[in-house]
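In each ligand, atom 1 is the first atom listed, and ligand 1 is the first ligand listed. Keep in mind that this is a model prediction, so the values were computed, not measured. Residue numbers start at 1 and run along the sequence shown.
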Amino acid sequence: MTGWPEGYGRRVLDSVDSTLDEAARRAPDLAGPEWILALSQTRARGRRGRSWASPEGNFAATLVLRPDDPPGRAALRSFVAALAVHDACVAATGRTDGFSLKWPNDLLLNGGKLAGILLESTGSAAQTAHLFIGIGVNLIAAPPVEALEPGAVRPAALMPDTGIAVTPEAFLDVLAPAYAARERQFTQYGFDPIRAAWLDRAARLGETITARTGSSETTGAFETVDGSGNLVLKTARGRVAIPAADVYF
Ligand SMILES: O=C(O)CCCC[C@@H]1SC[C@@H]2NC(=O)N[C@@H]21
């Protein structure tokens, strides 16, 4: 694996409320991209206002970026980040089998959720100021199954599932170059190669899945992810492109 990527800062903190909040506090003073790793978080959050279990030994970090992009394009980094987390897990374990991606940006291990990503941003409708990519990876322990919502994918953790122990700092040292390589690919060649690589690793492609938002539910065959990152389902009513939802298998 290559070394620490040039131009990226690295900060390791013992404990914070959430690395996303810490990133937002520090962002105005940062000169360039910065990884903020916390060894523990007291108020970690997940997608859709859920809490995120963040015990010591698991990976919890936020990458702060200043993308020169409108929000729709900046948000495609959710796929860039998911691919980088996949790359990093492959590099850290030396194995590819068992890892897959669940739309939009969860990493699964043997069908269980190993990692989650939450993107937040500041700026206007025309231009993103800061993008915060919050990444949590269950390196040591998965949250208890009773904390799960009905129908949600069960949690997984790297150590119990593979027998491979990786510290958060060591994982960051693999993830940071993996992310930098995918970011370069995205800025140089656009979303197409990211989308293709993501689809190569997709869980349940071609199978019937359900996408749920607060108000509606769509079930159909998982056909593809389109050029805007939408989930495309083939349903009885035709093709439906879904910009944001929770997916259930
Ligand atoms: O719901 C999800 O799948 C996303 C989980 C994101 C968790 C990470 S841990 C580091 C960062 N800080 C947070 O408070 N959340 C993200």
Side-chain angles (χ1 to χ4, degrees), residues 10-27 33-65 75 77-86 88-89 99-109 111-122 130-145 147-158 166-169 171-172 174-176 178-179 198 203 211-214 229 231 244-249:
R10 182 185 195 275
R11 188 165 291 269
V12 179
L13 303 165
D14 280 340
S15 179
V16 292
D17 43 5
S18 155
T19 57
L20 283 160
D21 291 331
E22 183 66 17
R25 288 188 289 264
R26 288 177 184 258
E34 177 107 353
W35 282 97
I36 298 173
L37 173 74
L39 303 182
S40 82
Q41 296 181 109
T42 53
R43 262 206 330 267
R45 57 180 175 273
R47 294 175 68 222
R48 300 182 182 278
R50 297 180 185 111
S51 65
W52 178 261
S54 193
E56 259 181 68
N58 281 0
F59 179 82
T62 292
L63 172 61
V64 186
L65 293 176
R77 285 182 176 77
S78 130
F79 298 91
V80 176
L83 265 179
V85 174
H86 186 288
C89 284
F99 296 113
S100 61
L101 294 171
K102 174 174 175 275
W103 186 89
N105 56 23
D106 287 343
L107 177 69
L108 306 184
L109 173 57
K113 177 161 167 168
L114 177 66
I117 297 175
L118 178 60
L119 256 65
E120 296 182 350
S121 61
T122 57
H130 285 106
L131 182 69
F132 306 108
I133 305 177
I135 300 174
V137 185
N138 301 330
L139 293 176
I140 289 293
V145 174
L148 268 194
E149 287 174 14
V153 165
R154 71 173 168 81
L158 196 68
V166 183
T167 65
E169 292 97 327
F171 190 77
L172 180 60
V174 189
L175 176 60
Y179 183 87
W198 192 98
R212 249 178 240 157
T213 59
L231 173 71
D246 279 323
V247 165
Y248 295 85
F249 294 150

Distances only, to 0.1 Å: what are the N or O pairs between ligand 1 and the protein that fall under 3.5 Å?
{"from": "ligand 1", "atom 1": "1 (O)", "to": "R47", "atom 2": "N", "distance (Å)": "2.7"}
{"from": "ligand 1", "atom 1": "3 (O)", "to": "K113", "atom 2": "NZ", "distance (Å)": "2.5"}
{"from": "ligand 1", "atom 1": "12 (N)", "to": "T19", "atom 2": "OG1", "distance (Å)": "3.1"}
{"from": "ligand 1", "atom 1": "12 (N)", "to": "Q41", "atom 2": "OE1", "distance (Å)": "2.9"}
{"from": "ligand 1", "atom 1": "14 (O)", "to": "S18", "atom 2": "OG", "distance (Å)": "2.7"}
{"from": "ligand 1", "atom 1": "14 (O)", "to": "R45", "atom 2": "N", "distance (Å)": "2.8"}
{"from": "ligand 1", "atom 1": "15 (N)", "to": "R45", "atom 2": "O", "distance (Å)": "2.7"}

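Salt-bridge check for R47 with D106: failed, with every basic side-chain N at 4.0 Å or more from each acidic carboxylate O.
Under the side-chain contact (heavy atoms from CB on, under 4.5 Å) criterion, A211 pairs with L231, L233, I242, A245, sequence neighbours left out.
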Steps toward side-chain contact (heavy atoms from CB on, under 4.5 Å) verdict (W52, L118): CA-CA 11 Å; W52 178 261; L118 178 60; over 6 Å; no
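Side-chain contact between E120 and T62: absent, with no pair of heavy atoms (C-beta onward) separated by less than 4.5 Å.
Rounding to the nearest 0.5 angstrom, the gap separating the CG atom in L37 from the CZ atom in F59 is 5.5 Å. Once rounded to the nearest 0.5 Å, the distance linking OG of S78 with CG of L119 reads 5.5 Å.
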